[in-house]
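Indexing begins at 1, ligand by ligand and atom by atom, following the structure's order.
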Amino acid sequence: MALVSPSILAANFLSLGKDCEWLNNSNADWYHLDIMDGLFVPNISYGMPVVQAIQSVAKKPLDVHLMIEKPERYIQTFADLGAEFLTVHWEASTHLHRTLHAIKQAGMKAGVALNPHTPVELLSDIIADVDLLLIMSVNPGFGGQNFIENTYHKIEKAKKLIQAKAAQTLIEVDGGVNTQNARKLIDAGADVLVAGSAIFGSEDRDAVVEQLKKS
Ligand code: DX5
Ligand code: ZN
């Protein structure tokens, strides 16, 4: 059964407390928090005060996805904010090995995200150090975009690499995930499904979470 990490970017910010309460009581597994800086991606989402407010009520792990330049600047900040997983982009981190170890040193699990154009093979020398491999299935920056079909193939390649290196890395997929493509994503090797609009845009969020998990 897949883990489901609802993306708070698609929640209703006017009643965020209510949406957090729903997530706490749902069968969803993590909180997916998208942090954007307007540089690495062409959009700005929300920052530390919002993460802190969510953390104060969250009863599930915070899965923080940093879409920011030089993410190493904020490792301690997100550790202090209670992140369990801190994911940085391969494209945004020059000294990725050092960054991953600094994340672990700060007490978090270390994630690496790959943009759609970035090949999985680039992680072959570092995969054993990666707790979470986040495969972007849209170009990062916005919720509600269309799923990129090449993702299935990319997940299969990631799974093979993880197995070949006997690593324990979880594969997470993010962007355009819904009840139609979940089954194929899990069959390809995905362990964690991020979903924003598919969950928060639905009349029956619990049913969507159930369908994603049981796909
Ligand atoms: C996109 C973000 C995603 C986004 C997913 O840059 O990383 O987490 O919120 O939203 P949906 O599921 O609507 O594509
Ligand atoms: Zn994300």
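Within the structure, every pair that satisfies the side-chain hydrogen bond (donor to acceptor under 3.5 Å, both in side chains) test and touches residues 185-208, not counting sequence neighbours, is listed here: Asp19-Arg205, Trp22-Asp206, Arg183-Asp187.
Vertex the Zn ion (ligand 2); arms to Asp174 OD2 and His65 ND1; angle rounded to 10 degrees, 90°.
The number of heavy-atom neighbours closer than 6.0 Å to CG of Asn146, taken from other residues, nucleotides and ligands shown, is 12 or below. For Trp90, the CH2 atom sits in a loose shell: 12 or fewer heavy atoms of surrounding residues, nucleotides or ligands are nearer than 6.0 Å.
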Kindly print each ligand 1 N/O atom paired with any protein N/O atom under 3.5 angstrom away, one pair per line, or none if nothing qualifies.
residue	atom	partner	partner atom	Å
ligand 1	6 (O)	Gly141	N	2.7
ligand 1	7 (O)	Asp34	OD1	3.0
ligand 1	7 (O)	His65	ND1	3.2
ligand 1	7 (O)	Asp174	OD2	2.9
ligand 1	8 (O)	His32	NE2	3.3
ligand 1	8 (O)	Asp34	OD1	3.1
ligand 1	8 (O)	Asp34	OD2	2.8
ligand 1	8 (O)	Asp174	OD1	2.7
ligand 1	8 (O)	Asp174	OD2	3.0
ligand 1	9 (O)	Ser7	OG	2.8
ligand 1	9 (O)	Asp34	OD2	3.1
ligand 1	12 (O)	Gly196	N	2.8
ligand 1	13 (O)	Gly144	N	2.8
ligand 1	13 (O)	Ser197	N	3.0
ligand 1	13 (O)	Ser197	OG	2.4
ligand 1	14 (O)	Gly176	N	2.8

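Judged purely by atom type and a 3.5 angstrom limit, Thr87 has no side-chain atom pairing as donor or acceptor with the backbone of Ala113.
One finds a salt bridge joining Glu210 and Lys214 here, because a Lys/Arg side-chain nitrogen approaches an Asp/Glu carboxylate oxygen to under 4.0 Å. Look at Lys157 and Glu121 and you find a salt bridge, because one of the NZ, NE, NH1 or NH2 atoms lies within 4.0 Å of a carboxylate O, short of that distance.
The atom of Asp34 that is an N, O or S and sits closest to the Zn ion (ligand 2) is OD1.
Pairing each heavy atom of Asn115 with each of Pro140, the nearest pair is OD1-CG, 3.0 Å.
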